[in-house]
Number of protein chains: 2
Amino acid sequence: MDARPASARQKIAIYRAEGGQDGLANCPIRAVVQNIFDKWSSLLLMALAEQPYRFGALRRLVPDISQRMLTQTLRDLERHGLVARPADHRYHLTELGRSLLDPIGALVRWAEEHTDELLDAQSVAR
Amino acid sequence: MDARPASARQKIAIYRAEGGQDGLANCPIRAVVQNIFDKWSSLLLMALAEQPYRFGALRRLVPDISQRMLTQTLRDLERHGLVARPADHRYHLTELGRSLLDPIGALVRWAEEHTDELLDAQSVAR
DNA sequence: CTGTATCCCCTATGATACTG
DNA sequence: CAGTATCATAGGGGATACAG
């Protein structure tokens, strides 16, 4: 099903080649992936994909986030240039943030397509 | 175990369609994304994308992972059905695991393409 | 070599209270 | 409403020792 151009594999090969004995220790992707896919970031990005939201609206969209973490995550996203907060406090995605929606969408689609398999695997292993 | 309701898929559909009454609190994607993109999982998946590796080889590939976390992460990946560990201890991706390489690849490509912007944003914000 | 079992620190996160 | 400040805590994760 996927005879695709081995993108991920290539990248890994590159990291390995450039990084030498460091293996994947210095792979620059790590920081990116781990910063963006922390507990709340991707969720907020998805929420803001739809439209700009204010602080309170985001809280309602993600009811189980604490005020503290909402603030903190939004600051992180701002710092990474993915989200902007204008004077009217309507958080919205930047151009960079919107560009992330495609990869995120790919992940979401994957999760949708394989939800059953994932659940099956877990229930078996448990 | 047993036939869990197809509600997983439906929740996704709901979440995607409307944004939901309960917001994104019950979005099943969250579990998937957060389970797979924890500190080490995606890294190991990328490593195993190339070829099967044994425990020691993986340690060398990811030098800054502790033995404890390597074991634990591999067990998690097994439990999710993404990685298999045959008798010869050569960990390898399952079909499901391989199917994840595409979305991960999309993310990696994004990170590569936007590394400069990300760094700029951070340095400015700092 | 491939793990498991302990101990323990420390960070991420929640809860709560306060501020502009 | 949109935060900030402070305190408390569970759990992530490293270090180490041990086991098959």
Side-chain angles (χ1 to χ4, degrees), chain A residues 21-27 30-45 47-48 51-80 82-93 122 125-126, chain B residues 22-27 30-48 51-80 82-93 122 125-126:
Chain A
Q21 305 88 347
D22 280 353
L24 297 174
N26 296 320
C27 170
R30 286 176 59 169
V32 171
V33 168
Q34 287 168 17
N35 276 325
I36 290 170
F37 285 90
D38 69 1
K39 188 170 181 183
W40 302 110
S41 298
S42 57
L43 204 61
L44 292 181
L45 288 173
L48 291 173
Q51 57 165 310
Y53 281 111
R54 301 187 47 145
F55 193 87
L58 284 172
R59 278 193 84 177
R60 264 169 268 123
L61 271 179
V62 188
D64 53 346
I65 195 174
S66 67
Q67 198 172 32
R68 175 192 155 94
M69 289 316 295
L70 180 52
T71 300
Q72 184 174 308
T73 306
L74 286 170
R75 293 293 170 278
D76 284 348
L77 292 172
E78 278 187 83
R79 191 163 40 84
H80 288 94
L82 301 172
V83 163
R85 171 188 51 161
D88 65 358
H89 292 247
R90 297 184 65 84
Y91 292 92
H92 63 268
L93 298 183
Q122 290 185 49
R126 262 289 170 195
Chain B
D22 49 353
L24 298 172
N26 296 320
C27 170
R30 285 176 59 170
V32 171
V33 170
Q34 287 167 18
N35 277 326
I36 290 171
F37 287 90
D38 68 1
K39 188 169 180 182
W40 302 111
S41 299
S42 55
L43 205 60
L44 292 180
L45 288 173
M46 290 193 288
L48 291 173
Q51 59 164 290
Y53 282 111
R54 302 189 47 149
F55 194 86
L58 284 173
R59 278 192 85 178
R60 264 169 269 123
L61 272 179
V62 188
D64 53 346
I65 194 173
S66 67
Q67 198 171 32
R68 174 192 153 92
M69 289 316 295
L70 179 52
T71 301
Q72 184 174 306
T73 305
L74 285 170
R75 292 293 169 279
D76 284 347
L77 292 172
E78 277 186 84
R79 190 162 42 82
H80 288 92
L82 301 173
V83 163
R85 171 188 51 162
D88 65 356
H89 292 250
R90 296 184 66 84
Y91 292 93
H92 62 270
L93 298 184
Q122 287 185 51
R126 268 259 169 217

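Chain identifiers are assigned alphabetically (A, B, ...) following the order of the sequence lines, protein sequences preceding nucleic acid strands; residue numbering begins at 1 within each chain.
Taking atom CG of residue B/Leu70 and atom C1' of nucleotide C/dT2, one finds them 10 Å apart after rounding to whole Å. Separating the CZ atom of A/Arg85 from the P atom of D/dC1 is a distance of 17 Å, rounded to the nearest angstrom. Distance, A/Gln72 CD to D/dA5 P: 13 Å, rounded to whole Å. The distance from atom CZ of B/Phe37 to atom C1' of D/dG12 is 19 Å, rounded to the nearest whole Å. To the nearest angstrom, P of D/dG11 lies 19 Å from CG of A/Asp38. With rounding to whole Å, A/Ile65 atom CD1 is found 15 Å from C/dA12 atom P. In this structure, CE of A/Met69 is placed 9 Å from P of C/dA12, rounded to the nearest angstrom.
Listed here is the closest heavy atom pair of A/His89 and A/Ala87: CD2-O, 2.9 Å. Contact detail for A/Arg59 and A/Leu70: the closest heavy-atom pair is CG-CD2, 3.2 Å.
A donor-acceptor contact under 3.5 Å is formed by the side chain of B/Gln67 with the base of C/dG3.
One finds no side-chain N or O of A/Tyr53 lying less than 4.0 angstrom from the OP1 or OP2 phosphate oxygen of D/dC1. An OP1 or OP2 oxygen of D/dG3 is reached within less than 4.0 angstrom by a side-chain nitrogen or oxygen of A/Arg75. Dashed line: the shortest gap from a side-chain N or O of B/Lys39 to OP1 or OP2 of D/dG11 is not under 4.0 Å. For A/His89, no side-chain nitrogen or oxygen approaches OP1 or OP2 of D/dC1 to under 4.0 Å.
Side-chain atoms of B/Tyr91 lie closest to C/dG3 of the nucleotides C/dG3, C/dG14, C/dC1. Distance from the side chain of A/Phe55 is smallest to D/dA2 among D/dA2, C/dC1, C/dG14. Side-chain atoms of B/Arg68 lie closest to C/dT6 of the nucleotides D/dT4, C/dT6, C/dG3. Considering only the side chain of A/Trp40, C/dG14 comes nearest among C/dG3, D/dG3, C/dG14. In this structure, of C/dG14, D/dA2, C/dG3, it is C/dG14 that holds the atom nearest to the side chain of A/Ser66.
Taking A/Ser41 as the reference, A/Asp38 meet the side chain to side chain donor-acceptor pair (under 3.5 Å) condition, with sequence neighbours excluded. For B/Arg85, there are no side chain to side chain donor-acceptor pair (under 3.5 Å) partners at least two apart in sequence or on another chain.
Side-chain contact between B/Leu93 and B/Val83 is present, with at least one heavy-atom pair separated by less than 4.5 Å.
B/Arg59 comes within 4.0 angstrom of no nucleic acid atom, judged by non-hydrogen atoms across all strands. B/Arg90 comes within 4.0 angstrom of nothing in the nucleic acid, heavy atoms only.
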